[in-house]
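Atoms within each ligand, like the ligands themselves, are counted from 1 in listed order.
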Amino acid sequence: MKKITTSKMSFFLVAVILLWIKSYIVYINEFNLDISNGMQAFLLFINPLSSALIFLGVALFAKGRKAGIWIIVIQTLMGIFLYANVVHYRANSDYITLPTLTQFSNFGSLGGSIVSLVQWSDLLYTLDIIILIALFVFMKKDWSVSRLQFRKPLLVIASGLIVFSINLALAEVDRPQLLKRTFDRNYIVKYLGAYNFAIHDAIQNIKSSSQRVLADSSDITVVENYTKNKYAEPNKELFGAAKGKNIIKIHLESFQTFLIDYKLHGEEVTPFLNSLVHDKDQDFTYFDNFFHQTEQGKTADAEFILDNSIYGLSQGAAFVTRGNNTYQALPAILNQEQDYTSAVFHGDDRSFWNRDEIYKKFGIDTYFDSSYYDMSPDQVINYGLKDKPFFKESMPYLESLEQPFYAHMMTLTHHHPYLIDAEDATIAPAETGDPSVDRYFQTARYLDESLEQFFNDLKDAGLYDDSVIMIYGDHYGISTNHNRAMEELLGEEITPFKNAQLQRVPYMIKVPGVEGKGTVHEYTGQMDVMPTFLHLLGIDAQDYIQFGTDMFSENHKDYVPFRNGDFITPEYSYVSGVYYDTETGEEIEATEEMDEMKETIHHELELSDKLLNGDLLRFYSPTKDWEPVDPSIYSYGNKEKNN
Ligand code: GP9
Ligand code: MN
């Protein structure tokens, strides 16, 4: 009996349990992880176990009593790592990442206040180590001086790996593509734990920095030649038409074009948006052949593309994995060229999609994240703040911005799985029996109503008439998993061709003093938004590296590449290796011209990847007096609210 209680393996097990309990207590006490179901609660509880087994297990390779010392050392190092995260989290509501470690400036926000982030009660976090040291002194005399049999530590580490695999598999069930899409640090910590997050983060960063190291300044020339050659000169009539005007850019979450004018139970689903499309007096120009060009990064990809005219990545989100790159994004350009201020409004945690870091690289002055809004439970659904209170509470912030401003309003309620409170539902659900598709129309209606409310408030505040208002859909809302329900609603088969056509999202824009053009059928996509904007403001897009072209230009390039290499032109579409007539949807033989177009588009995507993976914009200076964006001057989060 004595042998068991004082054996090396028992000491190891005590260490594992202590590290497990301590990590769990830190998660619960210190981090705001938004646990929303039993599975998440279970995974949060279980996830420290695998790390404890694997890391502490390594110590068991050591000889004799040294194993005990190694266990204490590893336990201490993991404790220091965890505590550093606690302090960082108290200051930034975010975890330490490799880039934050290497950017000293990020600690600027801690400043002298580091003392205020440390509490006396934190001493309790050393309890595990004190217990271990005491036990070690007490137990070690009974330990043999020899090494454990080799297979013992191996077995321990293997069991840690098995626990980890089960953990990861369960996490994937609750949140598919957790690691591939890389959406939020909070999610990875919640599902896999702080230690595994750090490993994941390190791998990501090593991968991206190795590609970065291999790039040199000559690489940018190839990209520059391509984009300069693709460039389309501005439409003379519109060049500079919006100069000095405030810009209000409205993001319609998960909104597909098929909703415009769609009637459910004989009722328009989005009467307000439809009125902007059809009512000539509103002076909107509406593009009905506008496509999203996003991939796994979804919202983040849409934001990325619209503000940079660079493609997102084929895997993961550039917002996260290229968050450390140099950018020459729209907010920074507007600021340097025309003294604009910029702000993003979004009722979600600011670390989601790494926004709190990448926005600094884009030169965004203020990020009104969830810490600026009333996030009490009746105001929140699904991912975050409901759209109506979101727009309402945004008004005073919008009015407080220094003009001219570039304001990006990002809605959220119309997001998969389209949850809606009974009091917010003003249209009956569809009746396909596929719950998220059925509710899709209800949240779309809610979004439509919130827009109408926002427009009225803008008018009351005197901001409406003199601002550019732009509305866009970020990406599809209904994936191919819901084809059966969609076929029922649209009354036609969802073939791969049809699915590609369904990637249309709305794009509409009103420029003060410019007559709306009604509905324009030009084929265009998200990549074209930035050059269009620059020209409206009277800034020549030619100076900047951009893959899109001005959609109002006579010379606009009307082919729309998707991130997976498929593309659509007004005449033909290329989907999963097959060409179709865009008009009729019939399969057609490839011509030389079509294959050339395919080559061009694939080359374009490759160049965009090169640009991002090599961080090539660091070698490029768009204008004579361009000043690279200094991310350290930005700091986000509502300071008054002490979030
Ligand atoms: C999260 C929200 C949704 O803040 O923007 O992102 P999505 O899931 O659409 O990419
Ligand atoms: Mn989205």
Here the atoms of ligand 1 under 4.0 Å from any heavy atom belonging to His346 are 1 (C), 2 (C), 4 (O), 5 (O)
Looking at Asp369 and Arg355, is any side-chain nitrogen of the basic one under 4.0 Å from a carboxylate oxygen of the acidic one?
no
For Asp348, take its heavy atoms, then give the atoms of ligand 1 lying under 4.0 Å from any of them.
1 (C), 4 (O)
Residues Glu604 and Tyr311: side-chain donor-acceptor under 3.5 angstrom
yes
Looking only at N/O atoms, are Lys298 and ligand 1 under 3.5 Å apart anywhere?
no
Could you pull out the N/O/S protein atoms under 2.8 Å of the Mn ion (ligand 2), ignoring any water?
Glu253 OE1, Glu253 OE2, Thr299 OG1, Asp474 OD2, His475 NE2
Does any donor atom in the side chain of Gln526 or His292 lie under 3.5 Å from an acceptor atom in the other side chain?
no
So with a 6.0 Å cut-off around CD of Glu402, is the heavy-atom count from everything else above 12?
no
Arg355 near ligand 1, heavy-atom distance under 4.0 Å?
yes
Does NZ or CZ of Lys298 come closer than 6.0 Å to the centre of the six-membered ring of Tyr476, within 45° of the ring's axis?
yes
Aromatic plane relationship, Phe455 with Phe272 - under 30° parallel, 30 to 60° tilted, over 60° perpendicular:
perpendicular
Does Glu253 have a heavy atom less than 4.0 Å from any atom of ligand 1?
yes
Test applied, side chain to side chain contact (heavy atoms under 4.5 Å, CB included); reference residue, Phe255; option that passes from Val505, Asp474, Thr270:
Thr270
Looking only at heavy atoms, is any part of His416 under 4.0 Å from ligand 1, and if so is it the side chain, the backbone, or both, or is it neither?
neither
Listed by chain and number, what are the salt bridge (charged side-chain N to carboxylate O under 4.0 Å, His left out) partners of Arg212, not counting sequence neighbours?
Asp615
With no hydrogens and no angle check, do the side chains of Glu253 and Thr299 hold a donor and an acceptor under 3.5 Å apart?
yes
Yes or no on side-chain contact (heavy atoms from CB on, under 4.5 Å) for Asp348 and Leu385, after CA distance, side-chain angles and deciding distance?
CA-CA 7 Å; Asp348 193 3; Leu385 186 60; over 6 Å; no
Counting from 1 in the order shown, the ligand 1 atoms closer than 4.0 Å to a non-hydrogen atom of His475 are 9 (O)
Atoms in ligand 1 flagged as close to Trp353, the criterion being non-hydrogen separation under 4.0 Å
6 (O), 7 (P), 10 (O)
Under 4.0 Å to a heavy atom of Phe352 - the qualifying atoms of ligand 1, by number:
1 (C), 4 (O)
